[in-house]
Structures are given as C-alpha cells and as structure tokens.
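These notes are about the structure you will find just below.
None of these values were measured; they are calculated from a predicted model. Below, chain A is the first sequence line, B the second, and so on; all start at residue 1.
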Amino acid sequence: MKALEPDRSAHKLVSIKKVLVAVDLTKHSEATADYAAQIARWLNASIWIAHVFSHIPLSAWGSEGVHNVIAEERREHRSRLEQLTERVHQVVPKCQSVCVEGEPAEQLAALARDLDADLIIIASHHPTFLARLFNLDKAPKIVHRVHCPVLVFHEPSPLS
Amino acid sequence: MNQSLMLVCDRYGHPITARGAVSSKTLSNESSQSREPDGSKARAYHGRIFQEAATRSPIRRILIPIDAAQVKTADLKPILKVAQRFDAEVTLLHCYECPLSFQYAVGRPALTDVFFHSDLVRTQLLKLCAEVRMFFTKCRAEFVSGALPVEILRASQRLQSDLIVVPLFPDFVSYGWTAKEVMDELIRKANCAVLGISLAPNDHATASTI
C-alpha cells in the first residue's frame, strides 16, 4: 500500500485543484501566502491556509497563568490567520483556513490526506547553523513525511 | 504620452519598476499640473502594473536535475505537464560524477575511458532532451560535472530558475548522496522554490515500455 502512495504523488501534480499552504504566522507568512495565492490563481485551484499550534513542552504542568498565556497566544494566532485568509481571499476567492494542534509534520500530513490536497506549499527561511543543528527547520521533515508534492518557497532576500 | 510599457519584475514576478513608462515622480508632477485628484493616475498606473503582473506566470524557468542514464521521457511527463500549465521553460540538468569503478583504473587509458563515459552520458542527455522536445518545445539540456547539490544550486542561480523540481526515485543513490540528502540540501540552500516529487519504482522501471 505504501508503494502506491508515491505513484499518486506524481499523478496529483498533473491536475492541481486543491493547494494547502502551511504558515507559521511569522513575518514571512504573508510572502508565503501571497506566493501560494499566485500559484493557486494561476492553476485555478482552491486554497487552504493551515497553521499548526505546536505543543509547548511541560505546559501541561504549568499553573493557571501559564495556561492563560498559551490561550491568549492561540487567540492571537487565530486572528492573524483570519487576517491572512482575508488577504488571500482577495486574490483567490476559494480560500479557507484551518487550525490544528500537534507536531507540524504529522499534522500537515494528516491534513493533506483528509483534504485530499494536490500540492502543499511551505516556506523555509534559510535557517542559521544553530537552527539546523537543533533541527528547528520543519520544512525537510514535512517534505519527507507528506505523500503529495511539496513546494518549498524561499522568500527572496532584499539584497537580491 | 503614448509610451510602451515594459515591466521590470524580479525573479518571482513581482514588479519592481517600469521602463519606457512614466515614473511615479513625473506622474505626480503631471497630476499636479493637470489638477486631477491626488493619486488617481498613480493608482491607475499601479493597478495596471499589478494587472499585467498577474497575467505573468509565477514560474517561468524550471530546473530539473536528472540522471540522464536512468530517467526516461515518460518519467518526466507529470513535471512537463506542470511546466506547460505555467508556460515555463524547462532545463534538464545532468550532473556528471565519475563512477566509482573508474577510481581503480590507472593511466592514460583510464582517462580516455572516463572521457568516453562522460560523452556517452552527455549523448543520452541530448537524446532525452530531443525526445522531450517532440511534445514540449521549451526544453533545453545542460551537462555539468561536480558534486550534485552544489552544481544544482549553481545552475539554478546561473539560470535564475524560479523552481527546482526534484524527481525522487526511492532507489536513487548518487555517489555519496541519497535523494533525501540532496533534497534537504536544496531546501536549506536554494534561492528559489524547490518541489520534490516522489516517483514510484514501478513507474521508473516500466517507463521504457510506455
């Protein structure tokens, strides 16, 4: 069964109807969403904007104050995601957003399967040496976990 | 003021400036002279720029690193269909690495053999490119030698590619590089978008019969 999945990956690419774009809601997310919107518009595809809340280690043992801070942060993320969705909606009318919680690579793989996405667009921001050392860049993980074509977007540097 | 509009965009299709058209400075001067509402011409001008930018494909140059000795035309069809949809031109890149078996060879005949092998692979690449051109005309081939990810990155910068498409065969192993390692290097260091497509081993093996 597993051997059949990569086969579908290439075939999915031929008719891209649903694009899933994953954003971390940092300052780079707008550029990623804009790029995904351009691609989706060109292919006349619908677009789903996804954000994954990462589990914060030890938060389960935190006090009420810690939980409040986390809840506040999530509310803020949701509102930022809504703003981003509205921005993309102006370019691609068929645009929706979704928030999930857990490990980003696993959750995106599951989401792509559930939505039957034809293409996933993620971003990588040229991580520093330390970020690479501690494996903080999620893009390679997602590429290897997901069973549909993954496009990794690099925001052009201001110098170029 | 009937000047031809030439858009200058960056490699991602974002408009930077326009040549042969009215600059924003002269535009503001003109608007003040003609006493039109502030910014109306500028807005129309920018609207036109973005409208024209929207009609341009976000992906115009695609780089496909391949192993010309293994890849068949049928393997590339899904990628070429995508290129067709984006109206992009495609460059097939083969990065030649001297086979390990040649490292045991010594002397002048060994060198001749390496050159012969290199020419053989180059011919296969050109043949593949010619086959692709039968149904996809905007295709060219490049033959380079060196370390695989380094040469892919160099070629993408040289060609100003908008996208690197990496066909991932599960059985792919270059000399010292697995498909996963090549993909990771490209994701970390590329200056343009990178797309990885998994192709099944069955596809790859039966491609010659299609």
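- Contact of B:Leu163 with chain A is made through the side chain alone, with heavy-atom distances under 4.5 Å.
- Looking at B:Thr91 and B:Glu142, their side chains never bring a donor and an acceptor atom within 3.5 Å of each other.
- Contact of A:Val150 with chain B is made through the backbone alone, with heavy-atom distances under 4.5 Å.
- Using a 4.0 Å cut-off between charged nitrogen and carboxylate oxygen, B:Glu89 and B:Arg60 do not count as a salt-bridge pair.
- Both the sub-6.0 Å distance and the 45° axial angle are satisfied by A:Arg74 relative to the ring of A:Phe53.
- Using a 4.5 Å cut-off between heavy atoms, B:Ile59 touches chain A through its side chain atoms alone.
- Residue contact with chain B, scored on non-hydrogen atoms closer than 4.5 Å, involves the backbone and the side chain of A:Leu43 alike.
- Figure legend: B:Lys77 and B:Phe135 shown as a cation-pi pair, the cationic atom lying under 6.0 angstrom from the six-membered ring centre and within 45 degrees of its axis.
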